[in-house]
Amino acid sequence: AQSVAQPEDQVNVAEGNPLTVKCTYSVSGNPYLFWYVQYPNRGLQFLLKYITGDNLVKGSYGFEAEFNKSQTSFHLKKPSALVSDSALYFCAVRAYTGGFKTIFGAGTRLFVKA
Amino acid sequence: DAGVIQSPRHEVTEMGQEVTLRCKPISGHDYLFWYRQTMMRGLELLIYFNNNVPIDDSGMPEDRFSAKMPNASFSTLKIQPSEPRDSAVYFCASSLMDRVQPQHFGDGTRLSIL
């Protein structure tokens with residue numbers, strides 16, 4: 001069965017510092033991995049995805065994520081956090097052999113302090 | 001481009017009343033998803049459609065919930081009768097028929113059952 005774990009409910013970081021939001025997954029077969037962001041009173045917005053190829057993928061708003069197959073992880077990163085990055089972040093996985101259902105993690109709330 | 005459009009944005013009604021949530025997916029998208037988001041349970045997939053046909057409704061909580069997609073540009077989620085525990089934010093999302101494509105979310109309907 002597919003599953004996604006986001007081990008941190010909340011991440012706090014100072015503006016200008018690098019940020020990491022962690023995600024681990026469990027699937028049968030090759031995974032398709034996604035990160036989404038949710039701002040207050042809005043729907044989830046797509047940030048980036050890993051399908052195949054380079055383990056470091058770049059997405060919107062300066063975010064990037066590193067795929068690590070041996071650790072089954074797909075951590076979201078940004079070199080320099082902005083206050084406006086404060087939001088709820090979701091990791092999601094879709095297995096190659098798993099139909100069309102996407103499994104979302106529980107979400108990690110990111111607070112960036114000025 | 002117009003995104004996924006949901007209506008109403010807010011709904012407050014009394015227990016026992018029928019509630020109908022509406023969704024217009026992005027034109028050309030083959031898949032439509034209904035999710036429910038609560039603090040306790042996070043983001044839950046209720047049902048999804050492919051080319052207007054329901055594919056997986058295993059997430060629908062009870063027979064009080066029903067969803068239809070009469071055509072490619074419209075879907076409804078109905079709760080009858082509504083209960084206070086149905087209070088949540090309900091999201092509709094759509095995507096292309098491709099496992100590597102992300103889902104596009106509407107801004108949700110915040111439902112409060114008194």
Side-chain angles (χ1 to χ4, degrees), chain A residues 1-10 23 27-54 57 59-60 63 65 67 74 76 87-109, chain B residues 1-10 21 23-26 29-51 53-60 88-111:
Chain A
Q2 301 169 214
S3 66
V4 177
Q6 293 183 243
E8 302 155 316
D9 291 336
Q10 184 172 310
C23 172
V27 296
S28 301
N30 294 321
Y32 296 152
L33 295 157
F34 302 81
W35 275 102
Y36 291 81
V37 61
Q38 184 180 27
Y39 297 102
N41 301 313
R42 300 296 303 275
L44 279 68
Q45 298 176 33
F46 168 70
L47 272 180
L48 51 79
K49 64 183 178 184
Y50 172 82
I51 305 302
T52 187
D54 194 348
V57 293
S60 306
F63 283 93
F67 171 66
F74 188 54
L76 181 69
L88 186 58
Y89 290 82
F90 290 91
C91 181
V93 66
R94 183 186 299 161
Y96 180 74
T97 58
F100 209 70
K101 187 182 292 189
T102 299
I103 304 300
F104 286 85
T108 297
R109 191 163 297 280
Chain B
D1 287 343
V4 175
I5 299 172
Q6 291 187 245
S7 63
R9 287 297 314 276
H10 299 90
L21 311 181
C23 175
K24 177 179 171 58
I26 293 173
H29 280 191
D30 307 283
Y31 282 83
L32 184 137
F33 307 82
W34 282 101
Y35 291 89
R36 177 171 69 176
Q37 186 178 36
T38 61
M39 290 292 291
M40 292 296 294
R41 301 173 70 91
L43 193 65
E44 303 173 274
L45 176 64
L46 301 177
I47 185 171
Y48 75 93
F49 295 82
N50 175 212
N51 289 327
V53 176
I55 301 300
D56 185 343
D57 66 354
S58 59
M60 295 286 262
V89 181
Y90 291 80
F91 289 103
C92 175
S94 69
S95 72
L96 292 167
M97 183 187 291
D98 187 332
R99 285 190 171 92
V100 305
Q101 296 301 322
Q103 296 177 26
H104 297 258
F105 284 74
D107 283 335
T109 295
R110 184 173 296 276
L111 178 64

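What you are looking at is a predicted structure, and each value in this text was computed from that prediction instead of being measured.
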Quiz item: Is Arg36(B) reaching over with its side chain to a backbone N or O of Leu46(B), donor-acceptor style, under 3.5 angstrom?
Solution: no

Quiz item: What part of Arg41(B) gets closer than 4.5 Å to chain A, counting heavy atoms only: side chain, backbone, both or neither?
Solution: neither

Exercise. Heavy-atom distances under 4.5 Å only: say whether Leu88(A) touches chain B with side chain, backbone, both or neither.
Key: side chain

Self-check item: Ile51(A), part contacting chain B, at a heavy-atom distance under 4.5 Å
Solution: side chain

Practice problem: Using distance alone, with no hydrogens and no angle criterion, decide if Thr108(A) and Gln6(A) have a side-chain donor and acceptor under 3.5 Å apart. | Solution: yes

Quiz item: Quick one: what part of Gln38(A) sits under 4.5 Å from any heavy atom of chain B, side chain, backbone, both or neither?
Solution: side chain

Quiz item: Where does Thr109(B) contact chain A at under 4.5 Å (heavy atoms): side chain, backbone, both or neither?
Solution: neither

Exercise. Please flag which part of Gln37(B) lies under 4.5 Å from any non-hydrogen atom of chain A: side chain, backbone, both or neither.
Key: side chain

Exercise. Look only at the side chain of Lys49(A) and the backbone of Pro102(B), and say whether a donor-acceptor pair between them is shorter than 3.5 Å.
Key: no

Quiz item: Which value, rounded to the nearest 0.5 Å, describes the distance between Phe49(B) atom CZ and Trp34(B) atom CH2?
Solution: 9.0 Å

Practice problem: Identify which of Thr52(A), Ile103(A), Asn41(A) forms the greatest number of heavy-atom pairs closer than 4.5 Å to chain B. | Solution: Asn41(A)

Quiz item: Which word best sums up how the rings of Phe105(B) and Tyr36(A) line up, parallel for under 30°, tilted for 30 to 60°, or perpendicular for over 60°?
Solution: perpendicular

Exercise. Check step by step if side chain to side chain donor-acceptor pair (under 3.5 Å) holds for Gln103(B) and Tyr35(B).
Key: CA-CA 12 Å; Gln103(B) 296 177 26; Tyr35(B) 291 89; 2.8 Å; yes

